[in-house]
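Below: one structure, written as structure tokens.
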Amino acid sequence: MAFWLIKTEPGSWSWDDQVRKGVEGWDGVRNHQAAKNLRTMQIGDQAFFYHSVNEKRIVGIVEVVREAYPDPTDASGKFVQVDFKTVKPLPSPVTLADIKADPRFADLALLRQSRLSVMPIDASSWAAICQMGRVSP
């Protein structure tokens, strides 16, 4: 199993929206590196659900339930989407400031490629962030 972080603007698609829907396609990704990451995902992989813009915090965990398929919102046919199901919220959301303050995360893509919307998370960082968020990995 691999681990990921997916970013969303809560005004467009929030954790509450994800919880209400249960399973939803992650569409609208137009960055080639982020799309490559979506294509790499496999069923059972898990991802942190990150609220960007004003919140800048990890609020929940989702799981891949359908691997990459054509994104119906992309007229060019170049991009894909992945379906995620809601797994659980983080009882204590982990902020970007918390992550920046912790030297264990110095090489995390979230800090090195801050504009990337879909990124891998290594297993040790996943476990540490889960601990910070008071959720079992």
- prompt: Could you state the interatomic distance from CG (D27) to CG (D83), rounded to the nearest 0.5 Å?
  reply: 9.5 Å
field: Single-linkage hydrophobic cluster V118~M1, side-chain heavy atoms < 4.5 angstrom
entry: no
message: Under a plain distance cut-off of 3.5 Å, with no hydrogens placed, do S14 and D17 share a side-chain donor-acceptor pair?
response: yes
Side chain proximity check, E67 to Q42, heavy atoms < 4.5 angstrom: yes
message: Return the OG to NZ distance between S114 and K100, rounded to the nearest 0.5 Å.
response: 7.5 Å
- request: Indicate if V64 and F3 have the same hydrophobic cluster label, given that clusters are the connected sets of ILVMFWY residues with side-chain heavy-atom separations under 4.5 angstrom.
  value: no
- prompt: Which value, rounded to the nearest 0.5 Å, describes the distance between K7 atom NZ and R115 atom CZ?
  reply: 8.0 Å
task: Please round to the nearest 0.5 Å and tell me the distance separating atom CG of D71 and atom NZ of K78.
output: 13.5 Å
- prompt: Do F84 and R66 have side chains that get closer than 4.5 Å, going by heavy atoms?
  reply: no
message: Counting C-beta onward and ignoring hydrogens, is there a side-chain heavy-atom pair between I129 and V135 closer than 4.5 Å?
response: no
Step-by-step side-chain contact (heavy atoms from CB on, under 4.5 Å) determination, V29 to V80: CA-CA 8 Å; V29 173; V80 298; over 6 Å; no
- line: Nearest heavy-atom approach of A2 to D45 is N-OD1, 2.9 Å
field: V87-M41 co-clustered via ILVMFWY side chain contacts under 4.5 Å
entry: no
F49 side chain near I58 side chain, heavy-atom distance below 4.5 Å: no
query: Would you call W15 and P10 a side-chain contact if the rule is heavy atoms closer than 4.5 Å?
result: no
statement: Taking every heavy atom of S125 against every heavy atom of F105, the minimum-distance pair comes out as OG-CD2, 3.8 Å
query: To the nearest 0.5 Å, what is the distance between OG (S117) and OH (Y50)?
result: 12.5 Å
task: Test R30 against T73 for side-chain hydrogen bond (donor to acceptor under 3.5 Å, both in side chains), laying out the working first.
output: CA-CA 10 Å; R30 297 298 181 264; T73 68; 2.9 Å; yes
field: Heavy-atom closest pair, residues D74 and F79
entry: OD2-N, 2.7 Å
field: Same cluster (ILVMFWY, side-chain, under 4.5 Å), V65 and W4
entry: no
query: Would a hydrophobic clustering, with Ile, Leu, Val, Met, Phe, Trp and Tyr connected at side-chain separations under 4.5 Å, put L38 with V23?
result: no
field: Any side-chain donor near an acceptor of the partner, S124 and D122, under 3.5 Å
entry: yes
message: Which heavy atom of L108 sits nearest to which heavy atom of I99, and what is that distance?
response: CD2-CG2, 3.9 Å
message: Can you tell me how far apart OG (S136) and CD1 (I61) are? Round to the nearest 0.5 Å.
response: 7.5 Å
task: For Q113 and M119, work out which heavy atoms get closest and say how close.
output: O-CE, 4.0 Å
message: Other residues, nucleotides and ligands only: do more than 12 of their heavy atoms fall within 6.0 Å of CZ on R112?
response: yes
- prompt: Can you find a pair of side-chain heavy atoms, one from V53 and one from H51, that are under 4.5 Å apart?
  reply: no
message: So which atom in T86 and which in Q18 form the shortest heavy-atom distance, rounded to 0.1 Å?
response: OG1-O, 2.9 Å
query: If we only count heavy atoms from C-beta on, is the R104 to M132 side-chain gap below 4.5 Å?
result: yes
message: Could you check whether any side-chain heavy atom of R57 comes within less than 4.5 Å of a side-chain heavy atom of L90, counting everything from C-beta outward?
response: no
query: Around K21, counting heavy atoms of other residues, nucleotides and ligands shown, do more than 12 lie under 6.0 Å from its NZ?
result: no
